[in-house]
> 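The structure under discussion is supplied below as structure tokens; questions concerning it will follow.
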Amino acid sequence: MEENLITKKELLELTGISYGSLYRWKRKNLIPDDWFIRRSTFTGQETFFSKDRIIDRVEQIQQLKDTMSLDEIAETFSPVLREVSLSASEAERIGVAPRTVLELYAGHSDNSGPYSYNELLEIYLLSRLLNSGELGRDEALSCVELARDNSALVADGGLKLIVVRKVGVAVSLLVEDTGRACFEKDAKKLFELPIVNCMSDLKQLLDRGE
Amino acid sequence: MDNKMDFSISGSGSLAPGDYGKVSTSGSTTIKGNITCTAVRTSGALRAEGDIICTGEIHSSGSTKVDGDVTAGKVEASGSFRIKGNYTGGGFETSGSSSVDGDFLKGSIESSGSVKIGGSVKADRIEVSGSFSVGKDCESEDFSSSGKLTIGGLLNAESVKIKVDRNCEVGEIGGERIEVGRSMYGGVLGFLRPMHSGFLKTNSIEGDSVYIEYTETKTVRGKNVYIGPGCTVDYLEYSDSCEISKEASVKDSVKI
């Protein structure tokens with residue numbers, strides 16, 4: 001997915017940020033070191049970013065930086081697992097997922113709460129999948145099972161979830177965040193989401209809900 | 001002070017692993033494992049075979065060698081000070097020769113001697129005037145150096161000031177304000193002349209305000225850029241303003 005990479009220069013042009021800000025945010029761990037992808041080009045070494053991920057992050061920082069210090073923002077983004085326990089109604093209240101999704105999750109995994117961080121992450125993922133409008137309930141639930149079966153890898157935050165469909169059958173896969181994947185021509189990519197985005201969104205919901 | 005035992009030795013001896021108060025040595029001492037303490041003062045030869053966690057200051061004027069990691073409120077060393085592991089803590093102030101083979105994880109560096117970090121550095125402030133070398137990346141809010149400088153990876157700081165009095169080599173430089181030049185002195189007739197004849201060699205410089213002299217680099221990217229005498233730049237990209245000295249060579253330049 002070469003087309004999804006942008007150079008540092010393009011990022012600055014697109015978002016209007018300066019080199020000073022970019023390097024400052026890197027120092028403060030607002031942008032993780034491994035998001036800076038080094039590739040050789042004809043002009044020498046260049047730094048690239050995965051486009052959607054970096055633009056999302058820059059927009060989040062720009063929104064938060066007027067009200068929070070850089071260290072506080074970094075805290076928000078750090079995908080550190082936390083001790084949480086939320087009932088289904090609390091999860092609904094802080095916006096992890098709407099009631100219908102919570103009921104679906106409860107019915108499927110025979111667990112009506114209280115939910116741990118990992119379970120909340122699964123619920124949030126389920127909600128994002130269903131919200132995309134591209135997947136049926138069973139398909140979304142099988143994605144959640146995939147995430148659960150690989151929870152240790154998922155917890156590192158370095159993976160993204162991709163869902164493709166071909167001739168009516170949906171298949172979900174977890175791949176390295178910065179890795180590339182190619183698909184057959186008639187396979188349609190329905191959904192792509194870096195797990196780390198889910199984690200930082202969930203963390204913000206939890207922080208706000210406290 | 002809680003009832004931790006102070007330890008003091010002035011001949012040759014060894015210290016068992018454990019939890020201590022103040023540790024002071026003036027002979028040749030070996031610490032036989034990990035210790036925690038509130039302060040260390042050593043003026044002879046000290047060798048620690050494990051980690052040192054010191055809530056206060058480590059003051060060393062002899063030769064200190066630590067096989068493990070060091071965590072300290074502050075380090076002040078004037079002899080030789082070597083850490084084989086990582087360093088975390090407050091100010092790292094040295095005037096002799098010091099080294100950290102692992103990473104410098106937290107603190108500030110102030111040195112007029114030689115400092116060598118094998119891994120990467122994350123500091124608040126770095127002010128070095130002797131010789132400073134970092135194997136990987138070096139991050140600091142403020143960075144200023146005036147001696148010999150070698151950084152293998154990226155030097156990333158809010159403000160970078162490099163006096164190229166000796167030859168310096170840095171992988172890449174990025175930050176808000178970047179200033180590279182030679183130290184000057186007033187000559188007989190009052191003209192300012194450079195005191196030394198060093199150059200900086202680097203692959204790229206990226207900053208909002210870039211002011212460089214005596215620098216050889218492939219690319220410079222910035223908002224406001226000044227390319228001074230003695231510079232060789234293959235490619236320059238700027239967005240607001242740019243001034244190039246007659247004594248500089250810039251192959252290509254683009255305003256974006």
Side-chain angles (χ1 to χ4, degrees), chain A residues 5-51 54-55 57-58 61-62 64-66 68-75 77-80 158 178, chain B residues 103-106 119-126 136-143 152-160 170-179 202-210 217-225 233-240 251-252 254-256:
Chain A
L5 291 181
I6 54 169
T7 63
K8 203 188 280 173
K9 180 181 157 191
E10 288 166 339
L11 172 70
L12 265 52
E13 281 170 2
L14 275 169
T15 57
I17 62 168
S18 65
Y19 282 110
S21 305
L22 184 68
Y23 281 104
R24 190 176 311 124
W25 296 349
K26 180 178 193 292
R27 282 200 306 280
K28 295 285 186 186
N29 295 325
L30 299 185
I31 303 172
D33 287 350
D34 58 6
W35 286 24
F36 290 71
I37 305 163
R38 313 277 305 177
R39 292 268 166 88
S40 290
T41 62
F42 64 94
T43 52
Q45 283 260 323
E46 276 262 27
T47 301
F48 293 87
F49 298 94
S50 152
K51 185 174 175 182
I54 190 73
I55 287 179
R57 178 55 61 98
V58 168
I61 298 171
Q62 284 173 329
L64 294 172
K65 76 180 164 69
D66 295 332
M68 287 164 88
S69 76
L70 294 183
D71 289 331
E72 283 167 346
I73 301 175
E75 184 86 357
F77 292 149
S78 84
V80 175
T178 48
Chain B
D103 296 328
F104 188 99
L105 298 169
K106 187 169 180 276
S120 56
V121 174
K122 274 189 189 282
D124 317 319
R125 197 172 64 87
I126 297 175
K136 295 179 183 163
D137 293 349
C138 178
E139 296 186 352
S140 174
E141 290 309 305
D142 284 306
F143 180 92
L154 167 72
L155 168 60
N156 173 355
E158 193 71 18
S159 149
V160 174
V170 178
E172 290 170 81
I173 303 174
E176 169 140 329
R177 292 180 307 281
I178 297 162
E179 251 180 76
T202 180
N203 283 313
S204 82
I205 296 178
E206 292 178 339
D208 295 347
S209 145
V210 177
T217 177
K218 289 198 187 97
T219 52
V220 174
R221 295 191 167 105
K223 210 185 264 175
N224 298 303
V225 179
V233 178
D234 289 352
Y235 178 73
L236 161 68
E237 201 176 86
Y238 64 97
S239 58
D240 290 9
K251 276 190 202 148
D252 283 312
V254 180
K255 182 171 176 12
I256 53 168

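As the structure is a prediction and not an experimental result, all values here were calculated from the model. We use all heavy atoms of the structure for the numbers below, so side chains are in, but hydrogens, waters and symmetry mates are not.
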> Say you draw a straight line from CD of E139(B) to OH of Y23(A); how long is it, rounded to the nearest 0.5 Å?
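These two atoms lie 11.0 Å from each other.
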> Taking the basic N atoms (NZ, or NE/NH1/NH2) and the acidic carboxylate oxygens, is any pair closer than 4.0 Å for R221(B) and E46(A)?
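Salt bridge: yes.
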> Which bit of S140(B) comes within less than 4.5 Å of chain A, counting heavy atoms only: side chain, backbone, both or neither?
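Backbone only.
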> Say you draw a straight line from CG of L12(A) to CD of E206(B); how long is it, rounded to the nearest 0.5 Å?
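Reported value, rounded in 0.5 Å steps: 8.0 Å.
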> State whether the number of non-hydrogen atoms from other residues, nucleotides or ligands found under 6.0 Å of K136(B) atom NZ is greater than 12.
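No - once you tally the heavy atoms of other residues, nucleotides and ligands closer than 6.0 Å, there are 12 at most.
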> For K255(B), is the NZ atom crowded, meaning more than 12 foreign heavy atoms sit under 6.0 Å from it?
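Counting other residues, nucleotides and ligands, NZ of K255(B) exceeds 12 neighbours.
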> Crowded around K106(B) NZ? As in, over 12 foreign heavy atoms under 6.0 Å?
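Atom NZ in K106(B) is not packed in, count stays at 12 or less.
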> I need the minimum non-hydrogen distance between D208(B) and G20(A), along with the two atoms involved.
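Smallest interatomic distance, heavy atoms only, reads OD1-N, 3.0 Å.
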> Please round to the nearest 0.5 Å and tell me the distance separating atom CZ of R27(A) and atom CG of L154(B).
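Answer for the CZ-CG pair, R27(A) versus L154(B), is 10.0 Å.
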> What residue, out of R177(B), K223(B), E176(B), has the most heavy-atom pairs lying under 4.5 Å from chain A?
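So the answer, after comparing R177(B), K223(B), E176(B), is E176(B).
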> Please look at I256(B) and chain A and tell me whether the side chain, the backbone, both or neither of the residue comes under 4.5 angstrom of a heavy atom of that chain.
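Side chain of I256(B) only, per the 4.5 Å heavy-atom cut-off to chain A.
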> Using a cut-off of under 4.5 Å for heavy-atom pairs, which of G222(B), A157(B), S239(B) has the most such pairs with chain A?
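Ranked by contacts with chain A, first place is A157(B).
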